[in-house]
2 protein chains.
Amino acid sequence: MNLSKLLLGRRLANREHEDKKIGWKEAIPAMGLDGLGSSSYGPEAALTILIPLGALGLVYIGPVMGCIVTLLAILYFSYRQTLAAYPTSGGAYVVAKENLGEYPSLLAAAALMIDYVLNVAVGVSAGVGALVSAMPGLHPYILPLCLGVVLLVMLANLRGTGEAGWLFALPTYVFILCFLGAIGYGLVGIVWEGQPAPVIAPPPLGPVTQGATIWLLMHAFASGCTAMTGVEAVSNGMGSFRQPVMRNAYITLTVIVVILGLLLSGVAAIATTYKIGAMDQTKAGYQSVLSQLIAAVAGHGAFYYIAMASLLSVLCLSANTSFVGFPRLCQMVAADGYLPKAFAQPGRRLMFTVGIVFLSVFAGLLLIVFRGITDNLIPLFAIGAFLTFTVSQAGMTMHWRRQSKKYPAKLTMNAVGAISTGAALIIILVAKFVEGAWITLIAVPVTIVILKSIKGYYRSLQRELRKPGPIRVDDIEPPTVLVVTERWNRLSERAIKFALTISPDVVAVHFVRLGGPDRDESEKAIREEWQVEVEEPLAARGLTPPRLMLIPAPYRQLHEPLLRLIEKLDADSPERRVAVLIPETVKDRWWQNLLHMNRAGRLRAKLVRLGGPRLTVATVPWRLYREEQAAT
Amino acid sequence: MNLSKLLLGRRLANREHEDKKIGWKEAIPAMGLDGLGSSSYGPEAALTILIPLGALGLVYIGPVMGCIVTLLAILYFSYRQTLAAYPTSGGAYVVAKENLGEYPSLLAAAALMIDYVLNVAVGVSAGVGALVSAMPGLHPYILPLCLGVVLLVMLANLRGTGEAGWLFALPTYVFILCFLGAIGYGLVGIVWEGQPAPVIAPPPLGPVTQGATIWLLMHAFASGCTAMTGVEAVSNGMGSFRQPVMRNAYITLTVIVVILGLLLSGVAAIATTYKIGAMDQTKAGYQSVLSQLIAAVAGHGAFYYIAMASLLSVLCLSANTSFVGFPRLCQMVAADGYLPKAFAQPGRRLMFTVGIVFLSVFAGLLLIVFRGITDNLIPLFAIGAFLTFTVSQAGMTMHWRRQSKKYPAKLTMNAVGAISTGAALIIILVAKFVEGAWITLIAVPVTIVILKSIKGYYRSLQRELRKPGPIRVDDIEPPTVLVVTERWNRLSERAIKFALTISPDVVAVHFVRLGGPDRDESEKAIREEWQVEVEEPLAARGLTPPRLMLIPAPYRQLHEPLLRLIEKLDADSPERRVAVLIPETVKDRWWQNLLHMNRAGRLRAKLVRLGGPRLTVATVPWRLYREEQAAT
């Protein structure tokens, strides 16, 4: 209890909810880390595909990145419209649910969920991978480092990112400043000097081994599209914004997209001028495109190290965007009954604890299975994002069509968005099918089936419990009360006294031969004790004393003989309710459980499971050590 | 449920207890495996100490083994007297408890428990070690093989060795036949031919590197004494014998001790004649003493392999003796309150399940910690046995002294036993102190402290619960009943109906704002539903309808607002009892628990823990899927 207070902070009441919401300054790091981080691997991924073209590849990187930035611009305007239309929550799931129906909404939900989990695993492993290539001494600790980052981000999010925001904000803003600065400085140099000499020349490009084909360019485009993952984060996170929601959301989306667009175009322009190409990651001396770029523009000074450190942090923490989006998505899906109810329950700090922990555990498992090296997952990972884009834009298109007042411009905008992201999705699917896209094509329908089954379960549960019409009171005869007793002690006394207050028909049940064949028990002594301690004093006060029944437990289990007794009682008076009172000592410390056999708990569980519909099971607790003064 | 039936067999009733008891034919393997198995490492251990003497060592092995066999004879006669005096259970614990008091009995119990656990780990690892040296291909699987043997022996004992007896009986009797046969054949040859030529000559003995000192001979004696571990098994296992108990016990003890004595003397005689010495285990070409002996007498034929296989099995299964003794010892100690009650509870098959599982887990942990190589534990291991011998014989000496009719012969016999085993214990402690005896010297008092603390806990528990005098009935006013409800459904209906049968003072509690700040709830709708479905129909029937209270749960937890409400009720009428009824859906399948939040279970646990002494908590169960027809 104290540990969770220390780690997570004091718990928050419902009314403190508003305080936990964030403005655009916190939202840019929280929701933008994924998108901004992908600027480092998007261009690199495209250039990697172009390696076989040698220096010729640089001719094509401009047009390829141009297509991607154009797509980004289309997405930006499409999503602005979505935010305006769905100001409380504009995620693809909600848009699809309201405009396209159940299955498209589940498609969006499944695609998003998979995407979020992959993003955590890929982001963390990419960041740690970059860190390890900078400090090779850390190589044996890749997996612990990855899991440590996941744990850190999980804890920060369980607290609520409002407070831990600086953890994400600092590297994000340093990253933006460094890279926009470097690119700006580089571009100014290019414009000023025409063809400037790099401070540190990038390694020479490889030989031409292949001609440019449409397939290769498609492939480069598909790989470059990973740069756009994370753009939908703002629409999913609308619920996190404080007032004025729309203004905060617009600023956040605009800043993220504009910076991402500048980074992508800038990297393409500078790479073309300075002849920076991708290098083979598996070979010694590998340098990433951004590392070459900073070195070419500014050399290997302090600035280089600050910039690379901020890049590392942004990559490592890009997982955080998933932690903002995933729990919120799951909450909406759970509120609709497609996920367990626990996903919709705000925890101690008003965050959706279950979703956060689920995401961490799943991403952690992925990292463990792939031992912290998740390169193979990257191809899978743009698919979810583009599936989401397409479903969301298609939904928005339907939305405008259905409005009574027509908005042809808005409809066209979203339709263009849907068609272009849909086309990109098909290109990515085709280009990446063998590399792993097929896995997503399996995982998405499997997830949808699971979501549908959960909904089916809740629906049948609700049907079973629904009570049509008012209460029907047949009889209010007091129940037969069975009190489980051991030898006469304070616990038995408390249970018997309670039983007497709720019914005149009380039976005390004492099990014999419970301790096994070697245990000697005198039934006579038990009966005599009962007579002296209970029957006579009660009779003296004019009360009906409870009967004492000694029941053999030949198999040393309590529930079977008790259930048989209840069956017999049922046969005698089938309408009668039965209540079983079980005295139980309450243990405060874990080790106490080792010293007790928990017969009460096990009996209770069995009775609740196996008893008939007329059976109620009550626990009469005795709190060890704490009742000495209370009991007289 | 079905799995345990498959593995353990049908469960047994108390009355079937007698059927599970064993006669001497089954007892010799069950209780003798430890003792007989130690004949393989006792002489070997003594000869290993004598290695530095070279061929001269063989001059001393006869006298050393002579001392040990003499000690064995003394023990035999002492233990016969113990069996006669304590025909139901003659273990050192009982003898010490009855004659020497609490601390000596706990000393015996602790020594025996440690000895039993060590015996399992050492026996299994020695057997598997021998197996692996015969089949080096199995070397990577030492630990899994060890754990597999422990698991097998555990399962056989959970079933009850009566049925699985053949598993132990076959190798035991084959072992006895082979080795007695080989030794007899060898001795006949020696007597016949004087100095016969070995069929396969043992490797030559090493050079003399040291003279014979008292210290070395003491050390050899101390090491050889491991051959005597396991002799106390019969006295501990008296409860397992079927009628006639005494005859079965005598035969078992006699057979085990006589065969062990023959084996020890025979090995010494043949080793002397054929010049068989111990070899360095860590060097290549190592052969055990018994392997050399069989080869010298009978060559490397089929007989050699049968004999060695039976030796392997006996070693592996010698752990079984611990499984007979340990649970029974723990049962007695637990019945006296020094161990958790669960150790005294017979399980499904009338075996002491907890003791058996505890022994297996502890031995398994030892094996895992030592990776299946427990050679370092062997020095620790004779100490427990000799401590037990000494305490037991000392107790018997006191026993005879206290008898009204004096038995000077019996007293002398047990006193001689106590003094000689005590002397041996001191020799072993001194000789083995640095090698590991100090560990036992720490473990024994730690165990005693644990046993005493457990007793203290039970004593204070009993004191707290003891009820001096008869029941005191102050009032039998019906309790205030709080029914936890959600929206109106069958579960709420059932709970309300039950509440009406036990008290006229019923309050329905409905928590609001439980789902967090985003959840909209109409209190008005809840109240209207309550009025239509409950209040009006009950009032129409002339019953007092329960009040409905809407309680906010600002921290999304149920127990706090409910406890506050109970406090308020207590303040209004401090003598009143309170019963909380919690409706709960009962889940049959594990996955259902993932789909429910178990609010009912958590609320129940919190109330039971934190509620006052006047609070009773009842579960009104609804069995999902199984009540559709029952509920109308």
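Sequence lines set the chain letters: A, B, ... in the order given, protein chains first and strands last, and positions in each chain run from 1. Reckoned from all heavy atoms, side chains included, excluding hydrogens, waters and symmetry mates.
- For chain B, the option among A:Val586, A:Ile476, A:Thr619, A:Val620 with the highest count of heavy-atom pairs below 4.5 Å is A:Thr619.
- Looking at B:Ser503, there are no atoms closer than 4.5 Å to chain A (heavy atoms on both sides), in backbone or side chain.
- Open room surrounds CD on B:Glu486; 12 or fewer heavy atoms of other groups in view lie less than 6.0 Å from it.
- Within the 4.5 angstrom heavy-atom criterion, no atom of A:Ala605 approaches chain B.
- Contact count versus chain B (heavy atoms, under 4.5 Å) is highest, among A:Glu560, A:Lys587, A:Glu584, for A:Glu560.
- Residues forming a side chain to side chain donor-acceptor pair (under 3.5 Å) with A:Gln462 (at least two apart in sequence, or on another chain): none.
- Neither the backbone nor the side chain of A:Glu529 comes within contact range of chain B, judged by heavy atoms closer than 4.5 Å.
- With a 4.5 Å cut-off on side-chain heavy atoms, B:Lys341 and A:Arg599 do not count as touching.
- Within the 3.5 Å criterion, the main-chain N or O of B:Arg472 finds no donor-acceptor partner in the side chain of A:Arg541.
- Take B:Pro546 and apply the side-chain contact (heavy atoms from CB on, under 4.5 Å) test, not counting sequence neighbours, and it matches B:Ile496, B:Leu500, B:Val506, B:Trp530, B:Val534, B:Leu538.
- In this structure, the side chain of A:Arg556 engages the main chain of B:Pro346 through a donor-acceptor pair within 3.5 Å.
- In this structure, chain B has a heavy atom under 4.5 Å from the backbone of A:Leu607, while its side chain stays farther away.
- Contacts between B:Leu339 and chain A at a heavy-atom distance below 4.5 Å are absent for every atom of the residue.
- Of the two parts of B:Thr585, only the side chain, counted from C-beta on, holds a non-hydrogen atom closer than 4.5 Å to a non-hydrogen atom of chain A.
- In this structure, CG on B:Leu465 lies 5.5 Å from CG on A:Asn489, to the nearest 0.5 angstrom.
- In this structure, A:Leu461 CG and B:Trp622 CH2 are separated by 10.5 Å, a value rounded to the nearest 0.5 Å.
- The closest side-chain heavy-atom distance from A:Arg609 to B:Asp588 is below 4.5 Å.
- Interface remark: B:Arg604 contributes side-chain atoms only to the contact with chain A (heavy atom separation under 4.5 Å).
- A:Trp488 and B:Gly469 get closest at one heavy-atom pair: NE1-O, 3.3 Å.
- Taking each heavy atom of B:Glu493 and A:Ile471 in turn, the nearest pair found is OE2-CA, 3.6 Å.
- Only the backbone of A:Leu594 comes within less than 4.5 Å of a heavy atom of chain B; no side-chain atom from C-beta onward does.
- Taking 4.5 Å as the limit, every side-chain heavy atom of A:Leu615 sits out of range of all side-chain heavy atoms of B:Pro621.
- Side-chain atoms of B:Thr501 and A:Arg577 include no donor-acceptor pair closer than 3.5 Å.
- For A:Pro537, the part sitting under 4.5 Å from any heavy atom of chain B is the side chain, from C-beta outward, and nothing else.
- Remark: side-chain polar atoms of B:Arg494 are not paired, donor with acceptor, to backbone N or O of A:Arg614 under 3.5 angstrom.
- Looking only at heavy-atom pairs under 4.5 Å with chain B, the residue among A:Ala553, A:Pro479, A:Pro552, A:Ser492 that has the most is A:Pro479.
- Side-chain contact between A:Pro470 and B:Val532 is absent, with no heavy-atom pair separated by less than 4.5 Å.
- Looking at B:Leu543, the atoms closer than 4.5 Å to chain A (heavy atoms on both sides) all sit in the side chain, from C-beta outward.
- Between the side chain of B:Tyr458 and the main chain of A:Leu595, a donor-acceptor pair closer than 3.5 Å is present.
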